[in-house]
Structures are given as structure tokens and as C-alpha cells.
2 protein chains.
Amino acid sequence: MKDCSQCIVRNRAICAGLETAELELLGRLGRKHKVSKGQTIFWEGDDAVVVANVIEGVLKVSISMSDGREQIVGIVFSSDFIGRPFGQQSPYSVTALTDAELCVFPRSTFDSFARQHPELEHKLLRRTLNELDRAHAWMLLLGKKNATERIATLLLEMSVRLGETGCTVDNGALDAFELPLDRRQIGDVLGLTIETVSRQFSKLKADGVIHLPDRRTVSIRDRARLQYLSAAA
Amino acid sequence: MKDCSQCIVRNRAICAGLETAELELLGRLGRKHKVSKGQTIFWEGDDAVVVANVIEGVLKVSISMSDGREQIVGIVFSSDFIGRPFGQQSPYSVTALTDAELCVFPRSTFDSFARQHPELEHKLLRRTLNELDRAHAWMLLLGKKNATERIATLLLEMSVRLGETGCTVDNGALDAFELPLDRRQIGDVLGLTIETVSRQFSKLKADGVIHLPDRRTVSIRDRARLQYLSAAA
DNA sequence: CGATGTCTTGAGTCCCGTCAATGCACGTGG
DNA sequence: CCACGTGCATTGACGGGACTCAAGACATCG
């Protein structure tokens, strides 16, 4: 890699806070890699050959059943980390939802580098703990919320996460944004069918809570109401 | 703490693999603490004052909504770790399902000890990564599986996890075991109601897949069929 | 202007949730 | 010992919310 100090996710990826020397070392291990929309980076069950930082783009993390049913267990954005360190097989698939750019490391190389640099492992631990919290919140959604609540929750979540994509660390929630997911994928995140998703969108639109200029774009008209509908604490 | 080297979870908790000196240091920070069935160790949203190792017993990890709906996001057993290191508030509640014994550490003390002992943080990271994998598998269950598949999956999971509770590291799956959960709690793990859980149990019993000597005891009669019903890969 | 893929909408069905009654084990007190 | 209350669990009847199946709308692209 040329120069990590110029990387646009420099301040938000796990690399943040590394000493200049460490950063340079790590940089030599990684390679930038572009992937295009729809491409799968690695498959569930395959040998875990690589891990990566997401420099730019949006990707889905999913697991599936033998009969084809698929659950999306995470959406990853710029500066997020993907792959399974310290594991033989990848427990999930990762697929690009938009064109994306990654900073890819061979897993075994990354593993040993991490073991020698506690600061990096610490960053990774904090990140994993946060992901676990998010997974728990999503289990509540999947186990207990109805269709309306699920959709409302997703829209609010997307408006926040897509708003964090800038260079600085904290930005506000967006009131208009483009969904990186099609209707089927939204269903696979929320544990709903494509038709139910569509009906809920239509209903929210009819009620004036959101506006849908086109299939992928959402504009939040009444955030307070959306928050109420999401049944958040 | 008296002597960690004699601890029954010595080889399986995060303490495993620590140097004797480190172990002794850590031991001085913790205190053994008994809790009785039904008691809540800490509440979702409260200040995260402590973390702990589970020495003995079974506990539930849960999060809930303002209207009372509750999702159990994890069941923890002997040698598991509970609490949220490096976080201000606890993102979940932890409640004892059986009488239990914990090895409790003040969180801030534990945090700084961990930061000074990379080996411990590494253990914690591996553990958290495994928990995340398990959470993902459960999201698939909650998002895509039907009632029968959910019950079958839970029974198989419990038969494995309860079988791991010995002193050695790997034991086989149990064919008969006592559920540490009542029907409501099973529902809260699986995203089902108490009645649906009961009906599924009755059906599995009628089909000869399991036997139910009493409300809490399960005996697996046809593990292959149960595996098939769980729709596992 | 069709061809194609995605989304929306409608009609009907079914699985699971809801509500309610009953069963069963256990404890307590008469 | 039995009557009674209490807490779970089971079972039944019923309804509704989401799924299924199918048709139609809409956008994009050759």
C-alpha cells in the first residue's frame, strides 16, 4: 500500500490510533482492492483466507440455509472491518451492495500482526463488542417486532449509519438517502417477504411519514412519528 | 480470591492460559459471589459497574422494549463471561436461571487490567467473536425459521451446550437433560409465544422424537429426526 | 417498442398469536 | 387427609398479520 496516512478512513478504521511505524508495517501487508456491485468477496463456509477494511462502499454480511433461505446479519459501511480473524472458516458471506473499495489482508498475516500489536487487537475487540450489541438489538427486532416496527427501525438506522460516512467521526442523521438495498434484501434483513416490505413502504408513504421519490430513495418527512412507529425505548 | 489455580473453570474461562503471576494478580481483583435463581445481576441501561466469570449455573442475557416485550439474546453457562468491558452502560440485563456462582470484577479495574495484559484481551476477543457467530446463527433462526425448526434447533443446541459443562474441554451432546428455562423463557429465546412452544413440544412428543418425563426434562429419542426438523445445513 | 427485471397491489390461505378454559403439581391450612 | 389456592403448562377455538400466488404497473435498456 502506498501511504496509509492519507487513507480516507484513516481516523475511523481499526488502523486509527496506531503509531506511525506500526501503521506503515500494517500498510505493507495490505492491498487495495476494488469490487463491483453484486460481487461476493467471500462465501460462508469457505476457508477464511482474507480480512479487510472497507474503504468505500456498502456490503452485506449474510448467512443462509441449505434450502436457500438467507438472513442478512449485517450491513457494513466505509471504515468497517470484515472477515473472521482467528477462525478457519468464514462463518458468513460478504457481498458488495454497491461498487466498493477494500483494504485486504491475508488472514494469517493479519492474525499474527494483531497478536504482536495489542493496540490493534484492542480496537478490534471494541469493534466486535459494538457489533455484538448491534446484533442483540437486531435479535429483539426479529423476535418481537411487527412489520411496521421493523421497517421504521430500519429506516432510522439507515439514516444514522449513512450519515456517519463522512471524514469526521460524528455526523447527524440524514433526512434523505438512497437505500443500498433492494426490496428483497430489505426483507432478508428484517425477516419479512418482499411483498410485506413493499406494502409497509406504501403505507408509510400514504400516511405522510416518508416520501419515496424513486424505488431506492427515501426521504423522512416525520422523523418523530417514525421513531414512535419503531417502538424504540 | 483464595486460589484461582483450583478454580473449576480454570481451564475454560478467559483466565485459561494466563501466567501464574498474572493469574494471581487478576485473582486479587475478583470476588466470588453467589446469586440465587431469579435474581438479576445487572439491568439493561444501568451503569456497567461489574463484569464476571460464571463459575457455576445458568443465566439469561436479555434486552427488552419499553412496553415489556423481552428478547433473550443469550444463555450463559459455567465458564462464560458476562458484562460489557469498555462500555459505560450495560446494553443488556443478566438474570440467573438457576442458583449460580460468579467471579465478579469491578469493570474499570478489569478494563485496565485487560489493557495491560494482551493475552487476556486476546482471549476476550476470541470469545466475543464466537458469541457474535452464535448471535448471527440465532438471527437466521429468528428471521427465517418456523416454529418447529426453532424448537428443534433449541433442543439440539441445549443438548450440546449443557454437555460442555464438565471439567474437560469437549464432551458429547446429551440425550437427556433438564431445561433451565420455563416455557415463557423458551418463547423469549425463540421469538414465539408460550402456547406455540407448548404445542410444538406436544407434537414432538406425539411423534416420538422426544420424551418429556416432566415439565423441565427433555429426553431426545430420535436425534437424527430432530436434526432434520431443525433444518440445519 | 417489446423485453426484462423490479416493485406494487390484490385475493386467498395459513401459521402463529390471542383469549379462554382446563389440567396438573405443589403447598398451605383447616 | 382433603379442600382450596396458586403457578405453570396444556389444549381448544378463533382471528389476524404476514406469507403465497398471481396479476399488473413501472422503469430501464436494447
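Letters A, B, ... mirror the listed sequences (proteins, then strands); counts begin at 1. Note that these values count all heavy atoms, side chains included, but never hydrogens, waters or copies made by symmetry. Values in this document were obtained by computation on a predicted structure and should not be read as measured data.
Of the residues in residues 175-182 of chain B, Asp182(B) come within less than 4.0 Å of DNA chain D through at least one heavy atom, sorted by number. Residues from residues 190-205 of chain A placing a heavy atom under 4.0 Å of any atom in DNA chain D, listed by number, are Gly191(A), Leu192(A), Thr193(A), Glu195(A), Thr196(A), Arg199(A).
Within the 4.5 Å cutoff, side-chain heavy atoms of Ile186(B) are placed close to those of Leu179(B). Counting heavy atoms from C-beta outward, Arg107(B) and Val49(B) have side chains that stay 4.5 Å or more apart.
None of Arg134(A), Lys60(A), Arg161(A) except one satisfies the salt bridge (charged side-chain N to carboxylate O under 4.0 Å, His left out) rule with Asp80(A); the exception is Arg161(A).
Both cation-pi conditions hold for Arg183(B) and Phe201(B): the charged atom is under 6.0 angstrom from the six-membered ring centre and inside a 45 degree cone around its axis.
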Worksheet entry | Full working for salt bridge (charged side-chain N to carboxylate O under 4.0 Å, His left out) between Lys144(B) and Asp188(A) | CA-CA 9 Å; Lys144(B) 301 289 168 176; Asp188(A) 288 340; 2.9 Å; yes
Practice prompt. With side chain to side chain donor-acceptor pair (under 3.5 Å) as the test, would you mind laying out the steps for Gln200(A) and Thr148(A) before giving the verdict?
Written response: CA-CA 6 Å; Gln200(A) 293 296 329; Thr148(A) 308; 2.9 Å; yes
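Salt bridge present: Glu149(B) and Arg69(A) bring a charged side-chain N and a carboxylate O closer than 4.0 Å. Between Arg84(B) and Asp133(A) there is a salt bridge, with a side-chain nitrogen of the basic residue lying less than 4.0 Å from a carboxylate oxygen of the acidic one. Salt-bridge check for Lys34(B) with Asp99(B): failed, with every basic side-chain N at 4.0 Å or more from each acidic carboxylate O.
We find that CZ of Arg216(B) is positioned 6 Å from P of dA9(D), with the value rounded to whole Å. The distance from atom CG of Leu212(B) to atom C1' of dT11(D) is 15 Å, rounded to the nearest whole Å. Taking atom CD1 of Ile151(B) as the reference point, atom C1' of dC16(C) lies 12 Å away to the nearest angstrom. Straight-line distance from the CZ atom of Arg184(A) to the P atom of dC7(C): 10 Å, rounded to whole Å. Atoms CD1 (Ile186(B)) and P (dC16(C)) sit 16 Å apart, rounded to a whole Å.
Among the heavy atoms of the strands, none lies under 4.0 Å from Asp214(B).
Counted by atom type alone, Arg150(B) and Ser230(B) present zero donor-acceptor pairs between their side chains at under 3.5 Å.
Using the six-membered ring where Trp is involved, Phe105(A) and Phe110(A) have ring planes that are tilted, between 30° and 60° apart.
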Worksheet entry | Footprint string (nucleotides 25-30 of chain D, 5' to 3'): B base within contact, S backbone only, - free, heavy atoms under 4.0 Å | -B----
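Positionally, the nearest nucleotide of DNA chain C for Arg183(A) lies more toward the 5' end than for the other of Arg183(A) and Asn146(B).
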